[in-house]
Amino acid sequence: MEIDENLKNLDKIEKIDVAKRTIKDLPIEDRPQEKLFKEGESSLSNAELIALIIRTGTKEDTAVELAQKLLNAYGGIGELAKLRPSDIIKIKGFGPSKAAMVSAAIELARRISTVSKFDKLQLNNPMSIYEFLSPQMSHLPYESFRVLSLDTKKCLIKSTEISKGTLDRTVVHPREVFREAIEVNAHSIIISHNHPSGDPKPSSKDIDITNVLLKAGEILNIELVDHIVIGSGRYFSFREEGMVF
């Protein structure tokens with residue numbers, strides 16, 4: 001009876017140890033936070049960086065192991081920008097809170113990259129427009145329609161997402177497009193949307209809405225400079241193709 005009781009107690013201890021398994025159980029030199037301060041951010045693996053964001057693991061996995069599961073599930077760090085919280089939450093161990101943390105970090109990185117690289121940059125040619133928009137739009141799993149309001153020197157005043165669509169459709173109304181431009185006293189605008197399929201070739205609907213907005217811009221005396229369709233690693237410019245005059 002005494003032996004059986006000892007076995008039961010041992011089993012309880014093991015369960016408690018597993019339940020409390022955290023990054024703190026790792027050697028100090030292997031803990032992401034300590035490693036970051038000692039060796040710098042670049043010394044951390046992708047999984048360790050994500051672990052610092054989500055902070056805790058589960059009773060089965062440390063935060064680092066949980067982060068690695070997320071990376072493995074979706075093909076590595078390069079694919080994270082495509083994920084929505086609903087995708088992240090599918091990974092066992094990622095609840096709404098952790099999914100929100102990762103999504104927020106991805107969006108923050110995207111915004112920092114855009115501001116630091118393109119602040120006050122003239123968007124006066126299709127390539128500069130594409131380079132500005134691609135980090136924000138090329139990995140989106142849905143269509144996003146955006147308006148770039150410009151001053152007289154073609155410098156960006158404001159970038160606004162007008163609508164979000166499904167994989168193959170987005171709804172845009174001239175009133176919504178030019179409302180933003182009028183509010184910031186824009187001289188001209190650029191419109192853009194992405195194709196989640198990766199192929200930037202415009203559809204007949206894309207051409208139709210461009211023509212409608214061209215006419216609306218003429219009436220309002222706000223020039224439509226270009227319509228850029230963002231694909232995967234490439235773009236389509238209506239102006240380059242002679243479809244905007």
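This chain uses plain numbering: 1 for the first residue, then up along the sequence. Note that the coordinates shown come from a computational prediction; the quantities given were computed from them, not determined experimentally.
- Side-chain contact between Val212 and Pro174 is present, with at least one heavy-atom pair separated by less than 4.5 Å.
- Residues Leu70 and Leu52 are members of separate hydrophobic clusters, defined by side-chain heavy-atom contacts under 4.5 angstrom among Ile, Leu, Val, Met, Phe, Trp and Tyr.
- A pairwise comparison of heavy atoms in Phe178 and Ala216 identifies CE1-CB, 3.6 Å as the closest pair.
- One distance of note links CD1 of Ile129 with CD of Gln122; it measures 11.5 Å at 0.5 Å rounding.
- Using modelled atom types, one finds a donor on one side chain and an acceptor on the other under 3.5 Å when comparing Asp226 with Ser237.
- Between Val229 and Asn194, every side-chain heavy-atom pair lies at or beyond the 4.5 Å cut-off.
- Here the closest heavy-atom approach between residue Val177 and residue Phe145 is recorded as CG2-CE2, 4.1 Å.
- A side-chain donor from one of Lys98 and Thr56 sits under 3.5 Å from a side-chain acceptor of the other.
- Here CG of Leu123 is found 6.5 Å from CZ of Phe132. Values are rounded to the nearest 0.5 Å.
- Proximity of Tyr74 to Ile91: side-chain heavy atoms (C-beta onward) are separated by under 4.5 Å at one or more points.
- Considering CD of Glu183 and OG of Ser149, their distance stands at 9.0 Å, rounded to 0.5 Å.
- Residues Lys82 and Glu79 are paired through a salt bridge, judged by an N-O separation under 4.0 Å between the basic side chain and the carboxylate.
- From Asp206, atom CG reaches atom NE2 of His227 across 5.5 Å, with rounding to the nearest 0.5 Å.
- One hydrophobic cluster, built from ILVMFWY side chains closer than 4.5 Å, cannot hold both Ile190 and Val184; they sit in different ones.
- Rounding to the nearest 0.5 Å places CZ of Phe238 at 9.5 Å from CG of Leu214.
- Put simply, Ile53 and Leu71 are part of two different groups of oily side chains (I, L, V, M, F, W, Y) that touch within less than 4.5 Å, one to the next.
- Under a hydrophobic-cluster definition in which Ile, Leu, Val, Met, Phe, Trp and Tyr are linked whenever side-chain heavy atoms come within less than 4.5 Å, directly or via other members, Ile54 and Val64 are assigned to different clusters.
- Looking at every heavy atom in both residues, Pro200 comes nearest to Gly198 through CD-O, 3.4 Å.
- Closest approach of Thr58 to Gly93, counting heavy atoms only: CG2-CA, 3.7 Å.
- Contact of the Ile230 side chain with the His195 side chain is not registered, since no non-hydrogen atoms from C-beta on lie closer than 4.5 Å.
- Side-chain atoms of Glu240 and Tyr235 include a donor-acceptor pair closer than 3.5 Å.
- The heavy-atom pair separating Ala99 from Ile89 by the smallest distance is CB-N, 4.3 Å.
- Smallest separation of non-hydrogen atoms from Ala186 and Ile222: O-CG1, 4.2 Å.
- One finds the OG atom of Ser103 at 12.5 Å from the CG atom of Leu108 (value rounded to the nearest 0.5 Å).
- Between Ser192 and Met137, some side-chain heavy-atom pair lies under the 4.5 Å cut-off.
- No side-chain heavy atom of Phe236 sits under 4.5 Å from any side-chain heavy atom of Lys201.
- Among Arg146, Glu107, Glu161, the one residue that satisfies the side-chain hydrogen bond (donor to acceptor under 3.5 Å, both in side chains) test with Gln136 is Arg146.
- Linking Ile, Leu, Val, Met, Phe, Trp and Tyr whenever their side-chain heavy atoms come within less than 4.5 Å puts Leu213 and Met243 in one cluster.
- Here the side chains of Leu150 and Ile157 are not in contact, with every heavy-atom distance at 4.5 Å or above.
- Between Thr160 and Ile162 there is a side-chain heavy-atom pair separated by less than 4.5 Å.
- At a cut-off of 3.5 Å, with distance as the only test, no side-chain donor of Ser232 or Arg234 sits close to an acceptor on the other residue.
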Salt bridge (charged side-chain N to carboxylate O under 4.0 Å, His left out) between Glu223 and Arg239: does it pass, once the steps are laid out? CA-CA 12 Å; Glu223 179 189 5; Arg239 180 165 292 277; 3.8 Å; yes

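- Using a cutoff of 4.0 Å between basic side-chain nitrogens and carboxylate oxygens, Lys164 and Glu143 are not scored as salt-bridged.
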Could you walk me through whether Gln33 and Arg55 pass the side chain to side chain contact (heavy atoms under 4.5 Å, CB included) check? CA-CA 10 Å; Gln33 182 170 303; Arg55 300 301 302 165; 3.5 Å; yes

